[in-house]
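To start, the structure itself, in structure tokens.
By convention in this document, chain letters (A, B, ...) are assigned in the order of the sequence lines, proteins followed by strands, and residues within each chain are numbered from 1. Fair warning: this is a prediction, and the values are worked out from it, not measured in the lab.
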Protein chains: 2
Amino acid sequence: MDKQIDQSTTNPQASRKSTGLRQVAAVAGVSTATVSRVLNNPESVSEGLRTRVLMVIDQLGWVPNAAARALSSNRTGAIGAIFPALGVGDFARAIDAMQDALAARNYLLLLARSRYDAALELVQARKLVERGVDGLILVGSTRSQDYEQFLRRLSIPYINSFVFDADSAIPCVGPDNARAMAEMVDYLVSLGHRRFGMIAQTNRNNDRAAARRDGVRDALARYGLAIPPQAMVEGEWSIAEGRKLLRQVLATSPRPTAIICGNALLAIGAVLEAAEMHIVLPRDLSIVGYDDTELMSELPQPITTVRVASDRVGKLAADLIVDMLEGQTSVSGARIPSEIVVRSTTGPAPQD
Amino acid sequence: MDKQIDQSTTNPQASRKSTGLRQVAAVAGVSTATVSRVLNNPESVSEGLRTRVLMVIDQLGWVPNAAARALSSNRTGAIGAIFPALGVGDFARAIDAMQDALAARNYLLLLARSRYDAALELVQARKLVERGVDGLILVGSTRSQDYEQFLRRLSIPYINSFVFDADSAIPCVGPDNARAMAEMVDYLVSLGHRRFGMIAQTNRNNDRAAARRDGVRDALARYGLAIPPQAMVEGEWSIAEGRKLLRQVLATSPRPTAIICGNALLAIGAVLEAAEMHIVLPRDLSIVGYDDTELMSELPQPITTVRVASDRVGKLAADLIVDMLEGQTSVSGARIPSEIVVRSTTGPAPQD
DNA sequence: TTGTAAGCGTTATCAA
DNA sequence: TTGATAACGCTTACAA
């Protein structure tokens, strides 16, 4: 009796440890090294042993312990990404694509959110590094000194996304925000517009928004034009703000004939508010946005906007960082092209 | 000279290993156990040593290695969550709140996406468990046999979110989907509606959508009413589908006077399409949605809908799973209340 | 309150 | 191709 009861506890093989690589090795009658090789370097094991080990693994239902693996190999197979927001337009699409691309190459995506807060972003980066991510995907390219220093000391690769700078020392994957906006300005000027307003996305810790604003400013300057300070306002990311800010911009005199919005929701808000003010687009006013979400084309008045293939940003960023880790020779960034999608909110400038 | 130059490389202390807990201990003149305690159980260390150790940690810029920690303690401090989609309405809000709540309690959120695919969800769950998550937050409560078995064998806790079932053996945090819809039906019936149509979200691997549909059906049955098969259609999650399906439902005869949509985008599409068909809401037709995104109230015609505090779902789910891990006594689920938000798309049923 | 030292479950080096 | 065995960087009995 006693013996039977105690068996599971006293039997050294059974009791010592739950199923682990050691147990697999014991049952298969091979060394632990061989089991490990079957997983990480199957070609280096003879076929006979390989199939035998795989059978035992399956039979025992063994699942390797990621922590032990990470500790021993100094790699986790996880990539960290820090986004200002996760559920928002282009980021959401990029994240989906990124996750798929990483999964396809057997990496896990660890997501963090910085809320457009520089200090929080550094905290998040630290946490991800603690977790042992093998690489880091960041958004933008402008950072604090502390942050720069932290990154430089890192022994893991990282890249910038949603920006593109050919001269950057670290790889970038994204659109050229300034250029995209410059193209939009070219288009509007070609329609005869000379008086502009802008409902920009706030610049706070957002170099993409800043680049878009600069792109507009510089492009206008090339035509000898400028946006008067009162007609240049900023908001975050909401329809309500777009509505409010449109009224603000239209209150300036002389009234702009074209208004450039810094993101999709601001543009939607502006267009909806214009309708409520009985302003007819594009007869009385042209409005454009940035980012081409489903809403931009499905609302009663489809909105002219800049389209960036965010899913390509995500996929390429993921592939790039993995390439860097796996020692590909040619790892450089990529400029994701942007295009102007002309819809019904833009037309010739009204005659004075 | 030589000595100075070589110091950093030959000094055994400096060269042997990069900064680790051992080095911190050496520099602070304490044992490794004390350093560990300072991090994990600060009260058990005298104040003098504690501050000394903390200074050294800061000075050396030491970052603990999560893998080693996990291996040694058998806890990772990570919670896994699997959502059908990440960037969509209520899930996006819940994820944000979840992440904040977990961070506040020093846990990391590991996100995975199942795309409403049952097989993929099980794969994701396996991966998260391999990674060593301490707990799992799932969406819904209906799963395949394999999946159920996998979860039962797990030694870590898990919970269901976005559903509520008081009788469930495992904790649920979410709204009562059926009840929310039943309340909507009560409201519409009280307005005199008797002929209903439904643009449901597809049921495929989505027990929330199924519950909402059942909720509508059962509530109508209590009034002796039913939706004819042709007036019951389903779509995924897009404005375009909402538009198309509205036409389909309105083509049935007799024409419904009230149409219930299974999610926000379907409702928005239906309302926009109605406007294009010159159908005046709510005079000619009432339309309601589910989920209260910003768009539901900001579009030209604000839409009557069900509001669920998704951020509370996220926060409570996070707190609940951590409570379970930290051995709180009373861990039970929570029903998150829902409410009907009446806007301009609903009114008395038109007279025949 | 503090220290000693034995793991935790893998990988990877070296020999065979 | 395979096997022994020493790390990997922490946590945690147990002892002092």
Exercise. Within this structure, what is the CD1-to-P distance between A:Ile57 and C:dT10, rounded to whole angstrom?
Worked result: 10 Å
For this session: Decide yes or no for A:Leu86 and A:Phe91: does some side-chain heavy atom of the first lie under 4.5 Å from some side-chain heavy atom of the second?
Result: no
For this session: Give the nucleotide from the list C:dT10, C:dA12, C:dG3 with an atom nearest to the side chain of B:Arg37.
Result: C:dG3
Exercise. Which listed nucleotide (C:dG9, D:dC10, C:dT1) is nearest to the side chain of B:Ser46?
Worked result: C:dT1
For this session: Using atom CG of B:Asn74 as one end and atom P of D:dT12 as the other, report the distance to the nearest whole Å.
Result: 10 Å
Problem set entry | CD (B:Glu326) with more than 12 external heavy atoms under 6.0 Å | yes
Problem set entry | Option among B:Val139, B:Asp117, B:Asn206, B:Asn205 that satisfies the side-chain contact (heavy atoms from CB on, under 4.5 Å) test with B:Pro84 | B:Val139
Exercise. Between A:Asn65 and B:Gly29, who's closer to the 5' end of DNA chain C by nearest nucleotide?
Worked result: B:Gly29
Exercise. If you find the nucleotide of DNA chain D closest to A:Glu47 and the one closest to B:Trp62, which residue's nucleotide is nearer the 5' end?
Worked result: A:Glu47
Exercise. Of the candidate nucleotides D:dC10, C:dT1, C:dT11, which contains the atom at the shortest distance from the side chain of A:Asn40?
Worked result: C:dT11
Exercise. Can you check the B:Arg69 CZ to C:dG9 P distance for me, whole Å?
Worked result: 18 Å
For this session: Give A:Val35 one of three labels, base, sugar-phosphate or nothing, depending on what nucleic acid heavy atoms sit under 4.0 Å from its own.
Result: nothing
Exercise. Taking atom P of D:dT1 as reference, at what distance in whole Å does atom CG of A:Asn41 sit?
Worked result: 10 Å
Seminar exercise, completed: Closest to the 5' end of DNA chain C, once B:Leu71 and B:Glu43 are matched to their nearest nucleotides, is B:Glu43
Exercise. Given C:dT10, is OP1 or OP2 found less than 4.0 Å from the side-chain N or O atoms of A:Ser73?
Worked result: no
Exercise. In whole angstrom, what separates B:Arg131's CZ from C:dG9's P?
Worked result: 18 Å
For this session: Would you indicate whether A:Asn74, at its atom CG, is surrounded by more than 12 heavy atoms from other residues, nucleotides or ligands within a distance under 6.0 Å?
Result: no
Problem set entry | Presence of A:Thr32 side-chain N/O under 4.0 Å of C:dT11 phosphate oxygens OP1/OP2 | no
Problem set entry | Nucleotide of C:dG3, D:dT12, C:dA12 approaching B:Val30 most closely (side-chain heavy atoms) | C:dG3
Seminar exercise, completed: Test side-chain hydrogen bond (donor to acceptor under 3.5 Å, both in side chains), reference B:Tyr147, set B:Glu121, B:Arg126, B:Arg152, output is B:Glu121
Exercise. Hey, is the side chain of A:Thr34 poking within less than 4.0 Å of OP1 or OP2 on D:dG3, counting only N and O atoms?
Worked result: yes
For this session: Look at B:Ser72 and D:dC10 and indicate whether a side-chain polar atom (N or O) is within less than 4.0 Å of OP1 or OP2.
Result: no
Exercise. Taking CD from B:Gln23 and C1' from D:dC10, how many angstroms apart are they, rounded to a whole number?
Worked result: 15 Å
Problem set entry | Atom pair distance, as rounded to whole Å: CZ in A:Arg22 and P in D:dT5 | 12 Å
For this session: May I ask you to evaluate whether B:Arg75 reaches the phosphate of D:dT12, defined as a side-chain N or O under 4.0 Å from OP1 or OP2?
Result: yes
